[in-house]
Amino acid sequence: MAALRIASFLFLLLLLLLLLPPRPRSAASAEPAPPPGPAAPPEPPAASRARAGRRPAPVTDVAKLCVCDLLVAQCDVNCCCDPDCSAADFSLFTTCSVPIVTGDSNLCSQKAAIYSLDVEANPPERIFKLIDQINPNVFCIHAANYKQALSFISPEMPTSENFDQLLKQFGSATFSTEFDSWSINPDSPNSSVENETYRYEYGVPVQTVDAFLRLPSPVVSSWCSDANPAGFLVNQATKCSRLVSVEKCSTIQAVSMLFYINSSILAVPKSSQMVNITVQSIVVRSLNGIRTLLDSKVLRLPTILDELCINIVLGVSYHITYTEAGEIIEAAASFVLGAITKEALSIQQSFEISFTQVNTKPVPLSGNPGYVVGLPVRAGFRPQGSGIIQNSNKYGQLTILQSTSNQDCLAAEGARTPVLFGYNMVSGCKLRITTAMECQLLTQTLLDLLKGQNFPEYVASFGNSQAQDVLDWVPITHLRTSEQSSCQIPVSLEIEVKWTKYGSLVNPQARIVNVTATVTTATLNQPPSGRERTIPITSSVVFTDVSSPAEPGYRARPTINVKLPFDFFFPFV
């Protein structure tokens with residue numbers, strides 16, 4: 001046993017000797033020293049290559065960047081960032097050709113230099129402001145911590161001389177974020193796009209001078225987060241809570257009107273044209289819930305008055321007007337202001353945003369994209385060779401007979417109620433028939449009573465179906481059931497709406513696939529002379545879910561008919 005332990009110890013000792021790095025050569029075994037002289041010792045090869053390949057560091061300070069500075073040692077016209085321009089030159093400018101200069105657009109937080117002209121000053125002068133701009137994109141660079149990220153230079157290989165330095169720099173969980181010793185390839189192209197302008201597309205954050213249009217919303221909890229950007233053409237409605245106190249209400253920016261209108265919107269991304277947010281209306285809500293519309297649209301800031309904080313923002317509604325080319329031309333905001341007492345610890349705020357194309361009438365939606373339970377079913381007509389025409393009143397597009405207190409059908413003509421998605425409804429009235437009534441006239445009267453004056457021809461399959469997309473609308477199928485007799489009068493109208501769950505199983509959207517309107521008639525039996533008969537007239541709406549049930553997981557997986565080679569899993573079985 002002792003011999004075995006000694007053998008094991010010797011084996012481990014031999015293994016450690018083999019793993020040790022070779023000893024550096026001593027001064028006696030080194031190469032002959034160079035002859036004495038004033039010359040300095042030669043540099044290591046790695047240091048000489050780094051010194052030879054080093055280039056001037058790129059300019060990353062946005063205050064020193066100027067993309068419109070084209071003339072050397074001369075002032076460029078309307079170039080507000082040109083260092084060659086003097087105050088006298090700025091007084092002659094009409095506008096700033098480049099109003100904002102930013103750095104890398106992929107960074108989460110970056111500096112932005114904003115230039116403008118104060119035309120009210122005498123003489124006009126330039127205004128320069130340096131702000132922090134936030135990138136609304138989720139996938140952004142928090143810190144550029146790789147010093148040679150903008151170059152194609154090979155990374156420094158670890159050697160016995162630089163190992164300790166590299167270990168200190170890259171050995172921790174996070175690398176150094178210093179931006180010194182940047183080196184770039186002089187042959188790499190400069191991809192500056194500061195002067196490039198675009199048009200807004202669906203879902204793109206609405207940009208402002210400093211960042212983007214904020215639409216506060218709850219993220220993880222019910223508390224408001226101001227980092228939610230408003231997307232172009234994305235109608236949103238959010239509610240969230242915010243901590244407040246009467247003593248500090250005048251210093252909380254998120255409860256002040258100025259916080260929501262102090263930044264101008266860019267007409268198109270990365271452009272110099274700006275659109276100011278105007279105040280459309282101001283409604284004041286008292287402590288007991290009474291709302292009052294103010295005639296004046298003067299800015300009202302939070303103020304402490306008799307242990308109350310008044311003029312705090314309880315709700316904001318943005319309305320954006322845009323052109324067909326994707327350019328924003330108008331922006332308005334409506335406010336709901338209120339007051340809080342010293343006992344209040346938090347308030348609930350509501351925010352909305354809507355978009356309307358210029359020279360078009362806004363059509364209210366019933367979902368985006370799928371229908372929302374409780375909102376009206378959208379319907380319309382289609383004239384020959386045109387798109388769908390809708391009634392601007394969303395509650396008057398598809399309606400049924402509304403029941404009245406007296407239950408008299410002839411007196412209930414014109415009383416309608418909207419068809420709400422997902423709500424099965426039944427209504428009706430009673431018709432008194434006398435011997436003096438004519439069959440043909442009574443038939444037309446009851447048909448108008450059941451269907452209304454303008455019964456639609458099409459129903460939108462989605463809650464946000466556009467009028468120009470005719471294929472996105474479902475035609476209404478009309479059926480009629482009657483008996484064989486000389487006089488038939490309509491006694492009921494049954495509307496069946498078949499819908500299905502469309503899209504992802506995680507977030508399915510309600511989509512209408514079929515609408516059927518069935519009119520049932522019955523034989524009119526005249527009562528005896530001098531007497532009356534009463535018959536019921538009914539109208540109903542039923543919603544039917546025709547979604548196919550999900551199959552088991554093993555059946556839902558796709559089947560791939562392919563033959564693998566016999567050694568595909570070699571060497572595994």
Side-chain angles (χ1 to χ4, degrees), residues 108-109 134-140 142 203 205-206 208 210-232 234-263 277 282-291 300-304 307-320 333-355 365-375 422 463 504-510:
C108 299
S109 179
I134 302 174
N135 187 355
N137 194 350
V138 178
F139 302 99
C140 57
H142 180 69
V206 178
T208 59
D210 52 354
F212 53 87
L213 184 62
R214 301 178 180 90
L215 195 70
S217 64
V219 180
V220 178
S221 60
S222 61
W223 301 112
C224 294
S225 173
D226 297 325
N228 178 45
F232 184 66
V234 180
N235 296 330
Q236 299 184 59
T238 61
K239 290 183 178 181
C240 56
S241 302
R242 198 180 297 273
L243 291 173
V244 295
S245 63
V246 174
E247 295 79 7
K248 301 180 180 179
C249 71
S250 59
T251 61
I252 303 176
Q253 295 183 352
V255 299
S256 173
M257 291 179 57
L258 189 62
F259 180 73
Y260 302 97
I261 61 174
N262 62 349
S263 184
I277 302 177
I282 299 177
V283 175
V284 176
R285 191 178 73 180
S286 61
L287 292 176
N288 55 6
I290 299 177
R291 299 196 175 198
R300 294 174 177 265
L301 300 179
T303 307
I304 300 176
E307 297 185 351
L308 294 177
C309 184
I310 61 175
N311 297 332
I312 64 172
V313 175
L314 300 179
V316 183
S317 297
Y318 291 106
H319 185 73
I320 309 297
S334 301
F335 290 91
V336 177
L337 305 182
I340 59 172
T341 60
K342 296 183 63 176
E343 292 77 13
L345 300 178
S346 64
I347 61 172
Q348 186 182 56
Q349 294 178 312
S350 60
F351 302 92
E352 295 182 7
I353 186 170
S354 59
F355 296 83
L365 305 180
S366 295
N368 194 11
Y371 274 97
V372 177
V373 175
L375 294 183
S504 171
L505 293 177
V506 179
N507 185 23
Q509 301 295 312

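Owing to the predicted nature of the structure, the values given are computational and were not obtained by experimental measurement.
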- Item | Evaluation steps, side chain to side chain donor-acceptor pair (under 3.5 Å), between Asp210 and Ser263 | CA-CA 7 Å; Asp210 52 354; Ser263 184; 2.9 Å; yes
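- Taken from SG in Cys309 to NZ in Lys342, the straight-line distance is 12.5 Å, to the nearest 0.5 Å.
- Under the 3.5 Å distance criterion, the side-chain polar atoms of Asn235 are left unmatched by any main-chain donor or acceptor of Asn368.
- Under the ring-ring contact (aromatic ring centres under 6.0 Å, His included) criterion, Tyr371 pairs with Phe421, not counting sequence neighbours.
- In this structure, Tyr260 and Phe351 have tilted ring planes: the angle between them lies in the 30° to 60° band.
- Here the side chain of Thr303 pairs a donor or acceptor atom with the backbone of Leu301 at under 3.5 angstrom.
- Put simply, the side chain of Leu213 reaches to within 4.5 Å of the side chain of Ile353, judged on heavy atoms.
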Donor-acceptor pairs are to be reported for all side-chain atoms of residues 248-259 against protein atoms at under 3.5 Å, with residues two or more places apart or in another chain.
from	atom 1	to	atom 2	distance (Å)
Thr251	OG1	Lys248	O	2.8
Ser256	OG	Leu258	N	3.3

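- Remark: side-chain polar atoms of Ser504 are not paired, donor with acceptor, to backbone N or O of Pro508 under 3.5 angstrom.
- Contact annotation: the side chain of Pro216 approaches that of Arg242 to within less than 4.5 Å [non-hydrogen atoms, C-beta and beyond].
- For the pair Arg291 and Val284, the minimum side-chain heavy-atom distance is 4.5 Å or more.
- Heavy-atom neighbours of Glu247 CD from other residues, nucleotides or ligands within 6.0 Å: above the threshold of 12.
- Not a single donor-acceptor pair under 3.5 Å links the side chain of Gln236 to the backbone N or O of Ala230.
- With hydrogens and angles ignored, the 3.5 Å screen pairs a side-chain donor or acceptor of Gln509 with a backbone N or O of Gly370.
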